[in-house]
Amino acid sequence: MTTIRKAVIAAAGLGTRMFPITKVIEKAMLPIGRRPTIDYIVRECASAGVEEIAIVVRKGSTQLQRYYGDDSELRALLSRRGWAEKARALDEISSVPSITFIEQSLEDSYGTALPVMLADGFIAGDSFFFLSSDDLLVDEPGQSTLAELGRDAAGGYALVGQPVATTSLERYGRLRTTGTDGRLLLTDLIEKDSSLHHGDQVLINISRYAFPAGFLSVLAAVAEHEESGEYRLTDGLLEVVRSQPVAVTVSRGSYYDLGSAQGLAEASQHIVGD
């Protein structure tokens with residue numbers, strides 16, 4: 001089966017839940033240990049076999065580009081001072097897939113569908129993963145939920161479902177699923193479902209998708225959401241569900257909401273420890 005070789009990562013948000021620090025540091029550059037949060041997501045893609053990544057950033061953004069950009073001047077300075085050994089830590093940055101940056105203006109239309117639509121030229125007819133930089137999934141060593149997602153998609157559509165208790169549902173859409181011929185398939189996405197009992201285990205949407213290139217034409221037909229005014233990727237996905245299967249890959253990793261201070265702290269504790 002063909003491995004998905006491209007990924008699009010949405011990273012253009014303002015990070016309002018993390019104000020005031022995200023006034024001066026882009027939320028995708030907030031640190032977990034010695035590396036920014038975006039780098040963990042980039043490496044998640046690399047572990048799944050991705051070779052090309054498009055990161056959709058806010059118009060005027062420079063911090064991510066500088067992080068993954070040329071560091072020859074810094075290396076030269078370290079060498080002149082006899083600190084060449086210290087430059088070895090910079091080698092980690094170069095061991096990532098090819099990265100393209102795409103700018104998104106927040107003055108225009110907005111919503112989760114926009115990063116995918118802006119990446120049309122990058123996608124160029126290929127299947128691709130789509131991830132949000134707000135969401136971190138930490139797999140056990142030797143495992144890759146994203147690679148499994150690509151296999152489950154089998155050239156079509158798939159998304160990751162993260163098992164959580166209903167006490168964690170305040171901000172997340174819940175997946176309704178059905179089992180068919182040994183596959184778990186999506187039937188609906190439910191926001192803020194009040195019909196569940198406290199403590200029930202459910203699957204939530206953590207913004208890990210596998211799409212064929214044809215999804216772009218589906219998104220092009222999506223209208224603004226009446227209440228929010230957003231162009232929502234999930235509205236396009238629900239259109240797909242009506243006519244073809246959308247597989248669900250159940251995550252066995254640990255999930256963290258990097259858009260909140262608590263989620264970032266918990267991720268840091270998990271990865272870095274005391």
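We count residues from 1, following the sequence as given.
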Measure the spacing between [atom1] of [X] and [atom2] of [Y] and express it to the nearest 0.5 Å.
| X | Y | atom1 | atom2 | answer |
| --- | --- | --- | --- | --- |
| Glu73 | Leu78 | CD | CG | 12.0 Å |
| Ile271 | Ile32 | CD1 | CD1 | 4.5 Å |
| Cys45 | Glu52 | SG | CD | 12.5 Å |
| Arg66 | Met29 | CZ | CE | 9.0 Å |
| Leu77 | Lys86 | CG | NZ | 10.5 Å |
| Ile4 | Asp126 | CD1 | CG | 10.0 Å |

Do any N or O atoms from the side chain of [X] and from the backbone of [Y] form a donor-acceptor pair under 3.5 angstrom?
| X | Y | value |
| --- | --- | --- |
| Ser79 | Ala84 | no |
| Ser127 | Pro212 | no |
| Glu140 | Ser254 | no |
| Thr37 | Ala28 | yes |
| Arg58 | Glu103 | no |
| Thr187 | Arg176 | yes |

Closest contact, heavy atoms only, [X] versus [Y]:
| X | Y | result |
| --- | --- | --- |
| Ala220 | Met117 | CA-CE, 4.1 Å |
| Ala213 | Ile123 | CB-CG2, 4.2 Å |
| Ala210 | Ala153 | CB-CB, 3.7 Å |
| Pro115 | Val56 | O-CG2, 3.8 Å |
| Pro97 | Ile53 | CG-CD1, 3.9 Å |
| Val248 | Asp152 | O-OD2, 4.4 Å |

Q.
As a test of understanding, state which of Thr145, Leu131, Ile41 forms a side-chain contact (heavy atoms from CB on, under 4.5 Å) with Leu137.
A. Thr145
Q. When you look at Asp134 and Lys27, which way does the side-chain contact (heavy atoms from CB on, under 4.5 Å) test go after all the steps?
A. CA-CA 8 Å; Asp134 277 355; Lys27 64 177 180 176; 2.8 Å; yes
Does a side-chain heavy-atom distance below 4.5 Å link [X] with [Y]?
| X | Y | result |
| --- | --- | --- |
| His270 | Val138 | yes |
| Val96 | Asp39 | yes |
| Leu237 | Leu186 | yes |
| Ser95 | Arg43 | yes |
| Ile25 | Met18 | no |
| Leu258 | Leu30 | no |
| Leu189 | Val241 | no |
| Ile55 | Val42 | yes |

Check the hydrophobic clustering (I, L, V, M, F, W, Y; side-chain heavy atoms under 4.5 Å; chains of links allowed) and say if [X] and [Y] are grouped together.
| X | Y | answer |
| --- | --- | --- |
| Phe122 | Leu219 | yes |
| Leu233 | Ile102 | yes |
| Val250 | Leu185 | no |

(Q) Test: ring-ring contact (aromatic ring centres under 6.0 Å, His included). Region: residues 34-88. Which pairs qualify, not counting sequence neighbours? (A) none
Q) Are Glu26 and Ser61 close enough that a side-chain donor and a side-chain acceptor fall under 3.5 Å? A) yes
Q: Kindly indicate, with the supporting measurements, whether the criterion side-chain hydrogen bond (donor to acceptor under 3.5 Å, both in side chains) is fulfilled by Gln162 and Ser251.
A: CA-CA 5 Å; Gln162 180 70 26; Ser251 163; 2.7 Å; yes
Q | ring pair (Phe, Tyr, Trp, His ring centres under 6.0 Å), paired with Tyr157, selected from Phe128, Tyr209, Phe215 | A | Phe215
Q.
Working note: Leu184 + Leu203, criterion side-chain contact (heavy atoms from CB on, under 4.5 Å); need CA distance, chi angles, decisive distance, verdict.
A. CA-CA 12 Å; Leu184 191 63; Leu203 296 176; 4.1 Å; yes
Q: Please name all residues satisfying ring pair (Phe, Tyr, Trp, His ring centres under 6.0 Å) with Phe129, sequence neighbours left out, ordered by chain then number.
A: none
Q) Which residues satisfy the ring pair (Phe, Tyr, Trp, His ring centres under 6.0 Å) test with Phe130, sequence neighbours excluded? A) none
**Q.** Hydrophobic cluster partners of Leu106 (side-chain heavy atoms under 4.5 Å)
**A.** Leu14
Q. Under the 4.5 Å side-chain heavy-atom rule for ILVMFWY, direct or indirect, which residues accompany Leu114?
A. Tyr231
Q | Step-by-step side-chain contact (heavy atoms from CB on, under 4.5 Å) determination, Arg5 to Thr3 | A | CA-CA 6 Å; Arg5 301 296 185 188; Thr3 301; 3.7 Å; yes
Q: Please step through salt bridge (charged side-chain N to carboxylate O under 4.0 Å, His left out) for the pair Asp70 and Arg75, ending with a clear verdict.
A: CA-CA 10 Å; Asp70 178 59; Arg75 288 176 182 271; over 6 Å; no
Does this structure show an ion pair linking [X] with [Y], if we count only N-O contacts that are shorter than 4.0 Å?
| X | Y | answer |
| --- | --- | --- |
| Glu224 | Arg232 | no |
| Glu51 | Lys6 | no |
| Glu107 | Lys59 | no |
| Asp188 | Arg242 | no |

**Q.** Residues that Glu266 engages under salt bridge (charged side-chain N to carboxylate O under 4.0 Å, His left out), provided they are two or more places apart
**A.** none
Q) Stepwise, does the side-chain contact (heavy atoms from CB on, under 4.5 Å) test hold for Asp257 with Leu264? A) CA-CA 7 Å; Asp257 175 6; Leu264 183 63; over 6 Å; no
